[in-house]
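Atom set for the values below is all heavy atoms of this structure, side chains included, hydrogens, waters and symmetry mates excluded.
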Amino acid sequence: MPKRIDMKTLGRLKNDTNLSKPQIKRLHNRFREISEGKWTINKEQFYAALKESGVYTNDDSETGKFHASDWRFIESFFDSLDRDNQGKINFREFCSGISVFATGNLGDSLECIFEMYNLAGDDRITEEEMLDAISSMSGVLNLDHFTPGSVDTEWVKDGAKLRIWVKQVVEEADVSKTGSLSYDEFHAAVAKHPLLQEMASQFVTECCKDFFHLRHHSHHSHSK
């Protein structure tokens with residue numbers, strides 16, 4: 001991968017994403033660091049960079065590895081960026097996956113958000129998956145930065161209360177009565193409970209700042 005991004009690719013990515021040229025250039029430099037100059041990033045490189053950046057600091061002190069629930073979520077996050085399901089992320093996927101959160105628009109980001117919660121990768125979201133995803137994200141986020149009134153920070157940190165809330169969310173949205181949520185059912189749940197979107201969006205924002213070395217201001221707009 002060249003040290004500098006060519007102007008044609010830069011212009012095309014600017015037109016295809018919500019990112020500015022300076023942001024794309026910074027992402028290009030960070031991508032080269034993570035990929036060691038290669039054209040793609042594999043899971044091992046992605047995990048190593050995420051750990052090195054300090055985004056996740058709650059790993060096992062003895063093994064130095066991510067906790068199991070965090071590992072499942074991080075893997076799901078990687079898969080949400082890997083749009084062609086090749087087990088690797090190319091630079092276009094890298095930019096596109098980050099840019100969908102830049103506007104805070106639910107329609108643009110919902111598919112990526114669904115994949116982040118869909119830890120098993122089976123196109124259904126269970127109570128346990130939603131609980132694990134929220135728990136993992138809350139360990140990274142500064143909950144004080146959330147939209148005022150959108151979340152009670154102490155409530156999210158309380159495992160028992162969080163489990164009750166997740167159970168209610170899934171039961172309300174599960175119109176098919178399968179015990180898990182399809183994409184459309186999850187969409188309905190997000191429309192009623194914007195916290196599900198805001199947590200994922202804030203998580204990616206934190207990664208942009210600390211992991212991808214990218215800073216942008218996102219304005220959240222939820223579906224009514």
Side-chain angles (χ1 to χ4, degrees), residues 1-60 63-103 108-109 111-121 133 136-137 139-141 199-218:
M1 188 178 193
K3 290 184 177 181
R4 292 186 178 181
I5 186 170
D6 65 86
M7 296 307 295
K8 184 177 180 180
T9 301
L10 182 62
R12 189 162 54 241
L13 285 172
K14 182 180 183 298
N15 291 333
D16 293 346
T17 68
N18 298 311
L19 301 172
S20 67
K21 286 184 178 180
Q23 287 175 329
I24 294 170
K25 288 179 180 179
R26 286 198 293 274
L27 278 177
H28 180 267
N29 291 337
R30 181 57 174 152
F31 189 93
R32 288 193 79 256
E33 290 177 6
I34 298 173
S35 69
E36 299 177 343
K38 302 294 175 46
W39 289 96
T40 58
I41 292 172
N42 59 38
K43 287 186 177 182
E44 288 72 22
Q45 291 169 324
F46 185 81
Y47 300 157
L50 192 59
K51 183 175 174 58
E52 181 185 355
S53 71
V55 174
Y56 270 93
T57 58
N58 57 336
D59 57 358
D60 189 300
T63 65
K65 296 181 178 180
F66 295 114
H67 292 304
S69 59
D70 288 338
W71 182 266
R72 290 182 69 202
F73 177 73
I74 294 166
E75 188 168 33
S76 185
F77 180 39
F78 178 93
D79 290 341
S80 75
L81 299 177
D82 178 21
R83 306 307 296 169
D84 60 6
N85 299 315
Q86 295 296 309
K88 298 178 180 180
I89 301 171
N90 61 43
F91 186 59
R92 173 170 288 279
E93 290 174 324
F94 196 68
C95 291
S96 298
I98 299 308
S99 72
V100 295
F101 292 92
T103 63
D108 290 342
S109 61
E111 186 174 350
C112 286
I113 293 172
F114 179 83
E115 292 191 24
M116 289 170 69
Y117 281 92
N118 180 28
L119 305 187
S136 185
M137 287 187 285
V140 171
L141 300 176
M199 288 205 73
S201 297
Q202 292 280 15
F203 174 81
V204 174
T205 298
E206 284 298 310
C207 284
C208 287
K209 180 179 66 176
D210 297 327
F211 176 36
F212 300 125
H213 297 177
L214 175 70
R215 294 178 182 272
H216 63 245
H217 299 285
S218 59

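Looking at D79 and S76, their side chains never bring a donor and an acceptor atom within 3.5 Å of each other.
M137 is listed as a side-chain neighbour of Y117, based on a closest heavy-atom distance under 4.5 Å. At least one side-chain heavy atom of E36 sits less than 4.5 Å from a side-chain heavy atom of Q45. At least one side-chain heavy atom of I5 sits under 4.5 Å from a side-chain heavy atom of I24. Side chains of L19 and L13 form no contact here, defined as non-hydrogen atoms less than 4.5 Å apart.
Closest of all the heavy-atom pairs between Q23 and S20 is OE1-N, 3.0 Å. Of all non-hydrogen atoms in K88 and T40, the two that sit nearest each other are CD-OG1, 3.5 Å.
K21 contributes atom NZ, which lies 14.5 Å from atom CZ of R26 (distance to the nearest 0.5 angstrom). For the atom pair T9 OG1 and D16 CG, the distance stands at 11.0 Å (nearest 0.5 Å). Taking CG from L10 and CG from N15, the interatomic distance works out to 9.5 Å, rounded to the nearest 0.5 Å. Taken to the nearest 0.5 Å, the CE atom of M116 stands 8.5 Å off from the CG atom of L81. In this structure, N90 CG and W39 CH2 are separated by 10.0 Å, a value rounded to the nearest 0.5 Å. In this structure, CD1 in I41 is found 8.5 Å from CZ in R30, a value given to the nearest 0.5 Å.
In this structure, E93 contributes its side chain and D84 its backbone to a donor-acceptor pair below 3.5 Å. Remark: side-chain polar atoms of E115 are not paired, donor with acceptor, to backbone N or O of C112 under 3.5 angstrom. Here the side chain of S96 pairs a donor or acceptor atom with the backbone of R92 at under 3.5 angstrom. Checked by atom type and distance alone, the side chain of D82 never pairs as donor or acceptor with a backbone atom of F78 at under 3.5 Å. Under the 3.5 Å distance criterion, the side-chain polar atoms of R32 are matched with a main-chain donor or acceptor of M1. Panel note: side chain H28, backbone P2; a donor-acceptor pair is recorded below 3.5 Å.
For NZ of K14, the number of neighbouring non-hydrogen atoms (other residues, nucleotides, ligands) closer than 6.0 Å is 12 at most.
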Working note: F94 + F46, criterion ring pair (Phe, Tyr, Trp, His ring centres under 6.0 Å); need CA distance, chi angles, decisive distance, verdict. CA-CA 11 Å; F94 196 68; F46 185 81; 7.9 Å; no
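If you look at F73 and F203, their ring centroids are closer than 6.0 Å.
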